[in-house]
Amino acid sequence: MAPLITPTEIAANAEVVRGRIVAAGGDLRRVQLVAVTKAHPPAVARAALAAGLTALGENYAQDLLEKVADLAAEPPPVRAQWHFIGRLQSNKVRDLAAHVAVWHTVDRESIADAIGHRAPGATVLVQVNASGEPQKGGCPADPPSVAALVDRCRALGLIVVGLMAIGVAGDAAATRAAFRLTRQRADDLALPHCSMGMTADLEIAVEEGSTMVRVGSQLFGARPPA
Ligand SMILES: *Cc1c(COP(=O)(O)O)cnc(C)c1O
């Protein structure tokens with residue numbers, strides 16, 4: 001097995017990521033770095049915390065719960081703030097509710113209902129399918145659809161802080177268009193945050209107004225095969 005990445009290495013990688021954010025015109029006080037630990041073992045989440053990265057992102061409920069349990073067994077000096085960034089299933093919301101600080105992927109009413117029920121007052125973002133790809137998650141990006149889902153969340157007492165979108169792999173122009181549309185929708189609804197940008201499309205996201213970038217590979221290296 002490859003040796004685990006160290007906090008020192010993660011901190012150095014985080015500096016590179018911050019450098020990219022700044023070079024793209026981002027203000028580090030306005031762009032939060034969410035460190036995506038998905039597919040890495042709990043020890044990597046622990047190392048990220050030791051490196052000063054406290055906002056941690058996970059895609060799968062099971063993996064997030066495994067890391068939470070590991071950290072609880074031997075609590076580190078700083079607590080993780082968990083961001084859920086994967087596809088949500090209503091039946092997983094109950095188990096996640098006590099642990100997730102920010103839900104990035106509310107993309108339909110049933111998920112809003114589940115979070116409203118299990119995690120009253122939670123902080124959420126509405127995921128929009130800004131590129132319109134059929135296989136992609138996210139609510140339709142037309143203004144009435146986005147507004148309706150935001151309203152639904154609010155009616156349930158959820159705090160909607162912004163919108164989330166995923167770029168189009170290998171297509172910078174389509175990614176930029178998707179991020180621009182997402183920022184426009186957020187501005188139209190006076191929502192401060194946009195969760196946009198990963199390792200591959202960080203600059204485009206920052207240029208188009210991202211306030212939360214979700215970065216895995218550049219911080220932790222290639223993900224181990226599942
Ligand atoms: C995996 C993932 C990321 C991080 O991707 P990297 O390319 O490793 O930076 C960000 N957001 C979502 C939704 C992901 O699934």
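Start at 1 and go down the list; that is how both ligands and their atoms are numbered.
Using a 4.0 Å cut-off between heavy atoms, Asn59 contacts ligand 1 through its side chain alone, with no backbone atom that close. Heavy atoms of Gln218 found under 4.0 angstrom from ligand 1: none, in either backbone or side chain. Under 4.0 angstrom from ligand 1, the non-hydrogen atoms of Arg223 all belong to its side chain.
The distance from the CD atom of Glu15 to the CG atom of Leu219 is 11.0 Å, given to the nearest 0.5 Å. In this structure, CG on Asp107 lies 13.0 Å from NZ on Lys136, to the nearest 0.5 angstrom.
No salt bridge links Arg183 with Glu208; every basic N to acidic carboxylate O contact stays at or beyond 4.0 Å. A salt bridge between Asp113 and Arg152 is present, with a side-chain N of the basic residue lying under 4.0 Å from a carboxylate O of the acidic one.
In this structure, Leu56 is not a member of the same hydrophobic cluster as Val102, with clusters built from ILVMFWY side-chain heavy atoms closer than 4.5 Å. Linking ILVMFWY side-chain heavy atoms closer than 4.5 Å, directly or via other members, places Met212 and Ile115 in two distinct hydrophobic clusters.
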Exercise for the section: Take Thr123 and Trp103 through the test side chain to side chain contact (heavy atoms under 4.5 Å, CB included) and record every step on the way to the result. Expected result: CA-CA 6 Å; Thr123 298; Trp103 306 77; 5.9 Å; no

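Atoms of ligand 1 found under 4.0 Å from any heavy atom of Val215, numbered from 1 in the order shown, are 9 (O). Less than 4.0 angstrom separates some heavy atom of Gly216 from each of these atoms of ligand 1: 4 (C), 6 (P), 8 (O), 9 (O).
In this structure, the protein non-hydrogen atom closest to atom 13 (C) of ligand 1 is Ile85 O, 3.5 Å. Here the protein heavy atom with the shortest distance to atom 9 (O) of ligand 1 is Thr199 OG1, 2.5 Å. Nearest protein heavy-atom contact of atom 1 (C) of ligand 1 is Lys38 NZ, 1.5 Å. Counting only heavy atoms of the protein, atom 11 (N) of ligand 1 lies nearest to Arg214 NE, 2.9 Å. Counting protein heavy atoms only, atom 3 (C) of ligand 1 is closest to Met198 SD, 3.5 Å. Nearest non-hydrogen protein atom to atom 7 (O) of ligand 1 is Ser217 OG, 3.5 Å.
Sorted by first and then second residue, the salt bridge (Lys or Arg N to Asp or Glu O under 4.0 Å) pairs with a member in residues 47-65 read Glu58-Lys67; sequence neighbours excluded.
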